[in-house]
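Worksheet: one structure, shown below.
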There are 2 protein chains.
Amino acid sequence: MNNHSKVIDIKTLKVSCTDCSLSELCLPRGLNEGELEKLDNRVLRKKPIQPGDQLFGNGLPGKSLYAVRSGAFKTYELSTNGDEQILGFHLPGELIGFDALADNYHHCTATALVTSSACEIPLEQIQSLCNQLPGLQHQMMRIIGKEVNVDHEMLVLLGKKSAEERLATFFLNLSRRYQDRKLSPYEFNLPMSRMEIANYLGLTIETVSRIFTRFQKQKLIDVNRRLVHLKNIDELRSLVMEDEINRSDVS
Amino acid sequence: MNNHSKVIDIKTLKVSCTDCSLSELCLPRGLNEGELEKLDNRVLRKKPIQPGDQLFGNGLPGKSLYAVRSGAFKTYELSTNGDEQILGFHLPGELIGFDALADNYHHCTATALVTSSACEIPLEQIQSLCNQLPGLQHQMMRIIGKEVNVDHEMLVLLGKKSAEERLATFFLNLSRRYQDRKLSPYEFNLPMSRMEIANYLGLTIETVSRIFTRFQKQKLIDVNRRLVHLKNIDELRSLVMEDEINRSDVS
DNA sequence: CGTCCAGTTGAGGCAGATCAAGCGCGGTGG
DNA sequence: CCACCGCGCTTGATCTGCCTCAACTGGACG
């Protein structure tokens with residue numbers, strides 16, 4: 001490496017996996033220093049991506065995974081009548097691009113919600129490294145498994161939950177993910193618009209807005225434009241599990 | 001191989017990957033004879049599973065993937081209020097159990113819809129074999145990628161489609177999967193109840209029943225109990241307006 | 001200080017849920 | 001052989017949560 005050169009600019013330093021604060025959430029988790037360096041050498045750092053710009057697009061060849069380094073992305077598919085369905089919002093440390101594993105073409109599109117950056121890791125490199133580093137293979141499996149489980153949670157949300165439950169679930173999910181990133185689980189900025197929240201949760205923008213207002217009246221949250229303050233997380237939690245209490249006692 | 005022994009009973013023959021008619025849909029796809037044998041040695045064949053019995057259960061340790069050999073399974077998660085959300089129906093040749101990749105515990109439950117059987121492949125074996133057989137690693141990635149894409153299609157369905165579109169999509173999807181299995185794409189038995197169809201599609205049993213009736217009046221299908229006859233696939237397609245570009249799993 | 005646009009609020013409508021009754025087939029037993 | 005039951009499914013009537021349409025608000029920005 002370039003340890004011999006003491007005069008390295010901050011940018012170069014910041015972009016190595018070794019010094020990345022996200023390594024415990026990302027692919028490097030569980031690797032030792034030597035292994036990390038091997039991985040590091042295969043990772044391509046991409047230039048900052050402006051809001052609305054694509055990281056990858058539906059129908060385009062895809063031979064890499066991407067780790068969100070900063071900012072936030074959304075992935076979405078186009079429905080038959082042309083309008084989009086958002087599949088997920090992706091925060092730093094999260095990997096996206098699994099949709100290209102099947103046939104090396106992307107089946108969804110990823111665009112930046114705010115100015116963002118990402119690391120690109122070619123699939124070929126991942127595969128060959130996995131053969132050398134059992135820890136990496138293990139971590140890959142964990143990440144893929146989590147991806148599948150997250151999607152399944154969304155199916156439950158869309159298939160069974162009321163609008164109110166969806167919003168409460170959404171806030172609690174974001175809260176936990178910000179906490180995992182050493183950020184406040186109580187106060188954060190939404191990187192996405194109301195429109196995008198509604199789309200993601202299978203609702204309309206009006207319904208989302210009304211429930212934001214309702215939650216504020218109930219002192220559960222404060223929302224000011226995109227700044228959210230969760231004031232009563234326990235109550236939000238009980239909202240998600242509320243309905244079984246009401247339904248199961250009449251006998 | 002055991003070609004030297006001419007006296008082998010049919011059961012033994014039938015259960016090897018070499019002779020399994022599903023191998024082109026399943027894990028063995030793309031492996032040569034020698035490689036196939038290696039895989040074959042690691043696969044455990046499970047006894048037949050009766051309708052309603054579990055292949056694996058939510059919260060239980062999971063250290064294997066399972067390939068459906070015959071019959072059909074459903075996987076489901078319990079929502080916070082206790083009722084189930086069906087995540088998928090699984091036909092012969094399909095792999096299930098990816099929900100345990102994240103932490104070696106299952107996050108959903110798999111039960112047989114009819115008398116079924118499955119092959120168990122321990123994850124450890126898959127991983128070590130993947131290091132020896134690039135073809136297997138490649139096929140694993142393909143299957144995982146397809147799994148992710150299928151889940152994403154379901155998110156679009158639940159987030160955006162009308163009840164009618166959901167049912168049409170459901171029929172077309174089953175039709176294609178039966179065709180892939182060299183069965184009639186026009187006439188087949190549903191392995192699941194109306195209730196399970198409704199649950200899977202985020203609808204009620206009454207709505208499903210009404211749309212079945214409507215489709216019959218429109219001469220799109222014939223349904224008699226669980227026997228379905230698709231009479232006008234093109235019209236069903238136009239109901240969904242779905243471009244089936246992505247499902248060509250023969251890639 | 002007007003325009004724009006994201007978001008909010010209100011009124012009314014509708015797709016699908018809920019509630020309730022009926023149907024038909026397979027199984028049981030008489 | 002029919003009478004009866006149970007259960008999966010169908011059908012009808014009514015209800016409702018969320019959508020749709022439409023008007024309004026307030027901060028950002030030229």
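Predicted, not measured: the structure shown is a model, and the values here were computed from it. By convention in this document, chain letters (A, B, ...) are assigned in the order of the sequence lines, proteins followed by strands, and residues within each chain are numbered from 1.
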Below 4.5 Å, heavy atoms only, C-beta onward: do P61(A) and Y105(A) meet side chain to side chain?
yes
Counting only heavy atoms not in F170(A), do more than 12 sit closer than 6.0 Å to its CZ atom?
yes
Answer yes when R177(B) and D180(B) have at least one side-chain N-carboxylate O distance shorter than 4.0 Å, and no when they do not.
no
Short N-O contact, K146(A) and E153(A), less than 4.0 angstrom:
no
Within the structure shown, what part of the strands sits under 4.0 Å from S193(A) by heavy-atom distance: base, sugar-phosphate, or nothing?
sugar-phosphate
Do NZ/NE/NH1/NH2 and the carboxylate oxygens of K160(B) and E165(B) come within less than 4.0 Å?
no
Ignoring hydrogens and angles, state whether a donor on the side chain of S64(A) or E120(A) is under 3.5 Å from an acceptor on the partner side chain.
yes
Salt bridge (charged side-chain N to carboxylate O under 4.0 Å, His left out) between R181(A) and E94(A), worked out
CA-CA 11 Å; R181(A) 282 156 188 79; E94(A) 292 173 350; 3.3 Å; yes
Out of dT9(C), dT8(C), dC9(D), which has the shortest distance to the side chain of I205(A)?
dT8(C)
Could you work out which one of dC19(C), dG7(C), dT9(C) sits closest to the side chain of R210(A)?
dT9(C)
Output field: ring centroids F73(A)/F89(A) closer than 6.0 Å
no
Value in whole Å for how far the P atom of dC19(D) lies from CZ of R194(A)
16 Å
Ranking dT18(C), dC9(D), dT8(C) by distance to the side chain of E206(B), first place goes to dT18(C)
Distance check needed: dG7(C) C1' versus N224(A) CG, whole Å only.
12 Å
Do the ring centers of F212(A) and F171(A) come within less than 6.0 Å of each other?
yes
Protein-nucleic acid N or O pairs under 3.5 Å, nucleotides 14-16 of chain C:
residue : atom : partner : partner atom : Å
dG16(C) : OP1  : A163(B) : N            : 2.8

L190(A) atom CG is separated from dA6(C) atom P, nearest whole Å, by 16 Å
Send over the distance from D83(A) CG to dT20(D) P, rounded to a whole Å.
10 Å
In whole Å, what is the span from the CD1 atom of I197(A) to the C1' atom of dA6(C)?
12 Å
Would you tabulate the nitrogen or oxygen pairs shorter than 3.5 Å linking the protein to nucleotides 24-30 of chain D?
none

Would you kindly give the CD-to-C1' distance between Q216(B) and dT11(D), to the nearest whole Å?
14 Å
Rounded to whole Å, CE of M195(A) lies from P of dT20(D) at a distance of 11 Å
Starting at atom CG of N199(B), determine the distance to atom P of dA17(C), rounded to an integer number of angstrom.
12 Å
